[in-house]
Amino acid sequence: MRRGQKCTLTATGGIRNDTCFQGTVPDYYVDAQSVEDIQKSLQFAQQYKLPVTVKNTGHDYRGGSAGVNTFAIWTHNFAPDPVITENFTPDECPSPVGPVVTYHAGQIGTHLYNSLQGTGYMIVAGSCPSVGPSGGWIAGAGHGIFTPSFGLGVDNVQQMKVVLPNGTYVTANRCQNKDIFFALRGGGGGTFGVVTETTTKLHPDQEYSYAFVQLPVPDVRTANEVLVANAERWSEEGWGGVYGVLDVAGSPNLVWLGYNANLNLDEGKASLKPVTDYLKSLPGSEHLITDFRTLPNQFTAQNDPALLSILLPEAGVSLTRSSRLVPKKNFQTADGQKALVDALMANKFGWGAVIASPTNYTLAESDQPGGPGESSVSPAWRDSVWHLTYTTTWDPADPDATSPEALASMFQEMSEAMDPIRAITPGAGAYQNEADVYEPDPIGSFWGEKNYARLLTIKKQLDPDNLLSCWNCIGWNVNDERHECYLNVRGIGPSN
Ligand SMILES: Cc1cc2nc3c(=O)[nH]c(=O)nc-3n(C[C@H](O)[C@H](O)[C@H](O)COP(=O)(O)OP(=O)(O)OC[C@H]3O[C@@H](n4cnc5c(N)ncnc54)[C@H](O)[C@@H]3O)c2cc1C
């Protein structure tokens, strides 16, 4: 058992002076830069029965891109320039689907946004530019600042190519390999094969309204009430971004950061009037920060310094989080709003609501449940106003904070902090890519029972020996050696 084998890099101090162990870091990596590299790696792993993990950027909060004693396929350098096709016809489909961009396994958001600058097109990809849009991002659902109006990442995909665990290279879209297309868009990363490329819809670029508002708040309950009372309307108006009551330098601040493709600047200001009026009424309102602007294009929005400062922490920050997709109905009555505010008040971490659900997007007929383009994300995404997150950090160089006992207690506290919200959102979901490591109901929360049953069948067909696996992934085994570093929290964890 490898619990407590920590030698995490710190943000400023590099590695601390200590005896280091391998921890979850795989013993062997292949720097895969082509389809053939991936095929040969998987065939080699099959031959010698080596458990495989797949790593792209390593952003996975739940550790899915590493594993004890695994053979790792690293895709980060498989990144030729993205290619735009003006009128793309997916392989074996009867008709074209319009403009698309195709990018490989190792691209990050920055490459896509840079390559589309000046083309007149925009794309749905991560708010965070360092996430891998062809890796875990798309496998888990994929949200960004424009998903409320243009759909989740999975809704925009026209085609994916993947090397299956047996080494076969296949194309999946709405016309062929539909089960695989379903599984790759929501079933989770590192499970069904190694994706080599993704082809995604392009939209005409445009101007966007922008709002950034911030002020310390003396009375957190009233701040929560204002945000909860207006949440459903903001979502319906198409805002994407994040707001909440966050700890800033030791005091609670109301922070509101949003991007809108539907409202003009005056309409954007009017939309946020309840929050700006409230903040202007507070003592200290002379310190109120308000920044309302029109941004000329997506590139400017994705490179907004306020967005980047929230999303790009220094390397080496150790953090964990819990999250919940909070449905519309929780916002629709006075009793529902009060219950939500009470539950937020019970949490000591501060909170952020990512507004990312496709509330302003109509799912195409082909992508409705039962259709050829159905995705496997939790149906809760289609009915949620908030992707609510609580986050905490610790110093990776502090031996007290990083003992197995201290970490177990901290992960438990973080997981339990979301319980009051879980209690008032029965049957809702959670975003697997930004979830509690010890989520008490992963099947119901990440996929829903129906999607899970189909995903499990596909997994057993494609990978009967579980060559590819990760924590809480479809078909995983908690006692797999890969998970030996995980703790036992809330009764979830390896048994030995
Ligand atoms: C700072 C930060 C900001 C974030 N911002 C956003 C955001 O704006 N929107 C959002 O939706 N999410 C966001 N996330 C969450 C993010 O979507 C997940 O962490 C995602 O899993 C990252 O995918 P990756 O490929 O970059 O990372 P990795 O850790 O390399 O991989 C994640 C998972 O995908 C698998 N995987 C990677 N590549 C492949 C491949 N080619 N084929 C098959 N499986 C693969 C891995 O095995 C692993 O299970 C953020 C995370 C961080 C740390």
Side-chain angles (χ1 to χ4, degrees), residues 24 26 29 32 35 37-38 41-42 51-67 70 72-79 103-110 124-147 152-154 160-165 180 183-198 240-242 302 307-321 323 352 354-357 377 381 387 389 391 393 431-435 462-463 468-474 476 482:
T24 58
Y29 280 86
V35 170
D37 287 353
I38 295 170
S41 303
L42 284 169
V52 174
T53 42
V54 185
K55 176 172 172 175
N56 179 16
T57 67
H59 274 51
D60 196 315
Y61 289 110
R62 294 181 299 142
S65 41
T70 57
I73 299 176
W74 186 42
T75 59
H76 190 57
N77 292 319
F78 188 7
Y103 45 91
H104 283 72
Q107 294 290 353
I108 59 172
T110 306
V124 173
S127 308
C128 174
S130 61
V131 164
S134 219
W137 183 81
I138 197 67
H143 71 71
I145 53 177
F146 295 116
T147 49
L152 293 168
V154 292
M160 294 174 89
K161 296 192 177 180
V162 58
V163 182
L164 300 176
I180 295 173
L184 295 180
R185 294 175 308 126
T191 309
F192 298 96
V194 181
V195 171
T196 60
E197 64 176 62
T198 302
V242 61
Q302 302 292 166
L307 181 70
L308 299 183
S309 73
I310 292 175
L311 291 171
L312 287 178
E314 287 177 275
V317 172
S318 289
L319 64 81
T320 190
R321 47 184 23 183
S323 70
V354 181
I355 21 175
S357 293
V377 300
W381 270 112
H387 161 37
T389 60
T391 305
T393 59
Y431 181 28
Q432 61 185 298
N433 278 358
E434 295 176 320
L462 296 182
D463 189 14
L468 273 69
S469 192
C470 41
W471 181 260
N472 256 340
C473 295
I474 299 287
W476 77 306
R482 277 175 261 224

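Counting from 1, the numbers follow the sequence of the chain as shown. Counting starts at 1 for both ligands and their atoms, following the listed order. Side chains included, hydrogens not; waters and symmetry mates left out as well; all remaining heavy atoms used.
Contact atoms of ligand 1 toward Asp60: 19 (O), 29 (O), 32 (C), 33 (C), 48 (C), 49 (O) (distance under 4.0 Å to a heavy atom of the residue). The Gly193 neighbourhood of ligand 1 comprises atoms 42 (N), 43 (C), with distances under 4.0 Å to a heavy atom of that residue. Heavy-atom proximity to Asn56, at under 4.0 Å, picks out these atoms of ligand 1: 25 (O), 30 (O), 37 (C), 38 (N). Atoms of ligand 1 found under 4.0 Å from any heavy atom of Gly189, numbered from 1 in the order shown, are 34 (O), 35 (C), 44 (N), 49 (O). Every atom of ligand 1 with a heavy atom of Ser127 under 4.0 Å away is listed here by number and element: 7 (C), 8 (O). Residue contact check: Gly64 has heavy atoms under 4.0 Å from atoms 47 (O), 48 (C), 49 (O) of ligand 1.
The distance from the CD atom of Gln302 to the OG1 atom of Thr110 is 9.5 Å, given to the nearest 0.5 Å. Atoms CH2 and OG1, on Trp381 and Thr147 in that order, are 7.0 Å from each other to the nearest 0.5 Å. Separation of atoms OG1 (Thr320) and CZ (Arg62) is listed at 10.5 Å; rounding is to 0.5 Å. Note that CG of Asn56 and CG of Asn77 are 9.5 Å apart. Values are rounded to the nearest 0.5 Å. Put simply, CH2 on Trp137 and CD on Gln107 are 13.5 Å apart, with the number rounded to the nearest 0.5 Å. Between the NZ atom of Lys55 and the OG1 atom of Thr53 there is a distance of 9.5 Å, given to the nearest 0.5 Å.
Using cut-offs of 30° and 60° on the angle between ring planes, the pair Trp476 and Trp471 is perpendicular.
Ranked by closest heavy atom to atom 36 (N) of ligand 1, the top entry among Gly67, Gly136, Pro133 is Gly136. Nearest to atom 24 (P) of ligand 1 by heavy-atom distance, out of Thr198, Thr196, Thr57, is Thr57.
Counting only heavy atoms from C-beta outward, the side chains of Ser134 and His104 never approach each other to under 4.5 Å. Residues Tyr61 and Asn433 are not in side-chain contact: their nearest non-hydrogen atoms beyond the backbone lie 4.5 Å or more apart. In this structure the side chain of Val154 reaches within 4.5 angstrom of the side chain of Ile138, judged on heavy atoms. The shortest side-chain heavy-atom distance between Tyr431 and Val354 does not fall under the 4.5 Å cut-off. Here the side chains of Leu468 and Leu462 are not in contact, with every heavy-atom distance at 4.5 Å or above.
For ligand 1, none of its N or O atoms has an N or O atom of Lys55 under 3.5 Å away. Taking only nitrogen or oxygen atoms, main chain and side chain alike, Tyr61 does not reach within less than 3.5 Å of ligand 1. Residue-to-ligand polar distances keep Gly144 apart from ligand 1: every N/O pair is separated by 3.5 Å or more. Residue contacts with ligand 1: Gly135 is placed with no nitrogen or oxygen under 3.5 Å of a nitrogen or oxygen of the ligand (distance criterion only). Considering backbone and side-chain N/O atoms, Gly58 comes within less than 3.5 Å of an N/O atom of ligand 1. Between Val131 and ligand 1, no N or O atom pair is found at a separation short of 3.5 Å. Between Ser65 and ligand 1, at least one N/O pair is under 3.5 Å apart. Below 3.5 Å of separation, one finds an N or O of Val54 facing an N or O of ligand 1. In terms of polar-atom proximity, defined here as any N/O pair under 3.5 Å, Gly126 makes no such contact with ligand 1. For a threshold of 3.5 Å applied to N or O pairs, the pair formed by Ser130 and ligand 1 contains no separation below that value.
Residue contact check for ligand 1: Tyr431 places a non-hydrogen atom closer than 4.0 Å to it.
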